[in-house]
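Below: the structure, in structure tokens.
Residue numbers begin at 1 in each chain, while the letters A, B, ... track the order of the sequences.
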Number of protein chains: 2
Amino acid sequence: MEAAARVVHEQGAGRTTIADIARAANVPVGNVYYYFKTKDELVGAAISEQARGFRELAAELDRLDDPRERLLRLVDGWLGQKERAARYGCPTGTLAAELDKRDEGGLDVEAGRVIRLLLDWVEAQFDAMGRPDAADLAVTLVGAYQGMSVLANALRDPEIMTREVRRLTAWLKELEPSPGSA
Amino acid sequence: MEAAARVVHEQGAGRTTIADIARAANVPVGNVYYYFKTKDELVGAAISEQARGFRELAAELDRLDDPRERLLRLVDGWLGQKERAARYGCPTGTLAAELDKRDEGGLDVEAGRVIRLLLDWVEAQFDAMGRPDAADLAVTLVGAYQGMSVLANALRDPEIMTREVRRLTAWLKELEPSPGSA
DNA sequence: GTCTATATGCCGATAGAC
DNA sequence: GTCTATCGGCATATAGAC
């Protein structure tokens with residue numbers, strides 16, 4: 001499943017063959033089909049792997065007391081993936097975008113759920129900060145992440161991530177509990 | 001070329017077959033190959049079509065005197081595509097993201113150029129407004145557009161576009177010529 | 001220039017030996 | 001449970017009639 005998530009991120013779900021994943025996992029092709037009946041199931045496993053990864057990160061951040069600090073750490077984490085983001089885009093965003101272009105299977109809904117997971121967690125932090133417009137702020141923050149990933153990827157420039165993360169960090173630090181001067 | 005751009009936007013470049021485009025354009029398959037030697041050339045034509053569309057829009061907006069007004073109209077235009085964005089994402093962003101996952105052909109670079117086109121035009125407007133940080137502001141604005149498109153698409157919710165466009169509109173109206181209180 | 005028929009190659013999926 | 005060989009389908013691309 002790790003190999004599937006990695007290769008699908010790098011090549012996209014459509015262009016990734018079972019043979020690619022099998023090779024990355026050091027097993028022969030037929031073996032893959034023993035555990036996953038179809039390719040769609042394998043892509044679904046890659047999505048689950050993304051969800052698992054985020055839940056792990058969220059659990060770690062939740063150990064911090066201050067919700068604002070949690071968001072700052074989240075944003076800082078994006079910076080750590082700038083090279084991969086500039087090369088392959090956001091794993092969740094690019095996969096969701098690709099799967100949304102085909103109706104079959106309902107895999108698109110599953111990919112959307114991972115983004116929903118992130119969105120809900122971010123909203124909970126803004127809510128804990130006392131912001132009544134937490135949902136909108138969450139869309140803005142996560143949207144900024146998706147946007148900078150698309151641009152960094154399209155222009156092959158990791159520094160776009162650096163600049164945008166810096167801006168978001170300043171924005172988060174200045175955010176007041178009441179939505180007055182937003 | 002129009003049919004190619006439309007179908008590629010809806011289905012993605014990878015899943016779109018020559019037959020799909022031929023059907024959408026009401027011509028038989030073999031005919032397509034008379035004008036485009038390979039599928040990559042056809043995808044390239046779809047990219048050119050996107051660039052042409054944007055240049056047309058930019059020329060129209062350039063007739064306005066106030067650069068801030070130009071940006072406001074641009075953002076308002078995004079709202080007009082919210083249904084399509086929620087269903088298929090931003091045409092340029094999704095295509096660039098898909099093509100960036102394969103090295104061959106250099107089509108990814110061409111797709112990046114279309115985004116660069118938009119980015120440069122937006123930067124020119126901020127520059128005309130007297131902002132020394134025009135380049136950063138352009139990345140933020142275009143990034144916000146790409147981000148809201150990804151989210152609206154992944155969650156299948158056009159209203160995300162509505163809310164984010166409203167926020168960007170307010171932001172643009174409050175932006176001062178000098179970067180003091182940004 | 002327009003269109004049909006077909007060759008070629010690749011990938012998902014399976015059969016079946018071990 | 002592991003692995004190899006192969007089938008069947010589909011999409012790009014071409015050959016060639018009109």
Side-chain angles (χ1 to χ4, degrees), chain A residues 1-50 88 91 94-111, chain B residues 1-50 88 91 94-111:
Chain A
M1 287 175 65
E2 279 177 25
R6 189 175 65 252
V7 178
V8 164
H9 178 209
E10 293 172 0
Q11 304 191 339
R15 292 181 68 83
T16 297
T17 69
I18 309 284
D20 289 335
I21 297 176
R23 196 179 325 117
N26 279 314
V27 294
V29 274
N31 205 331
V32 175
Y33 279 98
Y34 182 80
Y35 294 94
F36 304 95
K37 276 187 276 293
T38 68
K39 182 182 176 181
D40 275 11
E41 251 182 60
L42 196 49
V43 174
I47 296 175
S48 300
E49 185 66 16
Q50 290 186 358
Y88 306 112
T94 55
L95 186 53
E98 183 183 353
L99 296 179
D100 269 322
K101 289 192 186 295
R102 51 188 218 195
D103 315 324
E104 336 134 14
L107 276 175
D108 52 340
V109 181
E110 285 194 56
Chain B
M1 286 175 66
E2 279 177 25
R6 188 174 66 253
V7 178
V8 164
H9 178 208
E10 292 172 1
Q11 304 191 339
R15 292 181 67 84
T16 297
T17 69
I18 308 284
D20 289 335
I21 296 175
R23 196 178 327 115
N26 280 313
V27 294
V29 274
N31 205 331
V32 174
Y33 278 97
Y34 182 78
Y35 294 95
F36 305 94
K37 275 187 276 293
T38 69
K39 182 182 176 182
D40 275 11
E41 252 183 58
L42 195 50
V43 174
I47 297 175
S48 300
E49 186 65 17
Q50 290 185 358
Y88 306 112
T94 55
L95 186 53
E98 183 183 352
L99 296 180
D100 269 322
K101 290 192 186 297
R102 50 188 219 197
D103 314 324
E104 336 135 15
L107 277 174
D108 52 340
V109 181
E110 285 194 56

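- Atoms CD1 (B:I21) and P (D:dA13) sit 11 Å apart, rounded to a whole Å.
- Under the 4.5 Å side-chain criterion, counting only non-hydrogen atoms from C-beta, A:M1 is in contact with A:F36.
- Reading DNA chain C from its 5' end, the first and the last nucleotide to sit under 4.0 Å from a heavy atom of chain A are C:dC11 to C:dT14.
- Neither OP1 nor OP2 of D:dT14 sits under 4.0 Å from any side-chain N or O of B:Y33.
- Of all heavy-atom pairs between B:L42 and B:V32, the closest is CD2-CG1, 3.8 Å.
- Formation of a donor-acceptor pair under 3.5 Å by the B:D20 side chain with backbone atoms of B:T17 is found in this model.
- Salt bridge absent: A:E104 and A:K39 never bring a charged side-chain N and a carboxylate O closer than 4.0 Å.
- Rounded to a whole Å, the CZ atom of B:R15 is 16 Å from the C1' atom of D:dT12.
- Here B:Y35 lies in heavy-atom contact (under 4.0 Å) with sugar-phosphate atoms only.
- Just one residue in the list B:Q11, B:R15, B:H9, B:E10 forms a side chain to side chain contact (heavy atoms under 4.5 Å, CB included) with A:K101, and that residue is B:H9.
- The residue among B:Y34 and A:G14 whose nearest nucleotide of DNA chain C is located toward the 5' end is B:Y34.
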Kindly indicate, with the supporting measurements, whether the criterion salt bridge (Lys or Arg N to Asp or Glu O under 4.0 Å) is fulfilled by A:R102 and A:D40. CA-CA 12 Å; A:R102 51 188 218 195; A:D40 275 11; 3.5 Å; yes
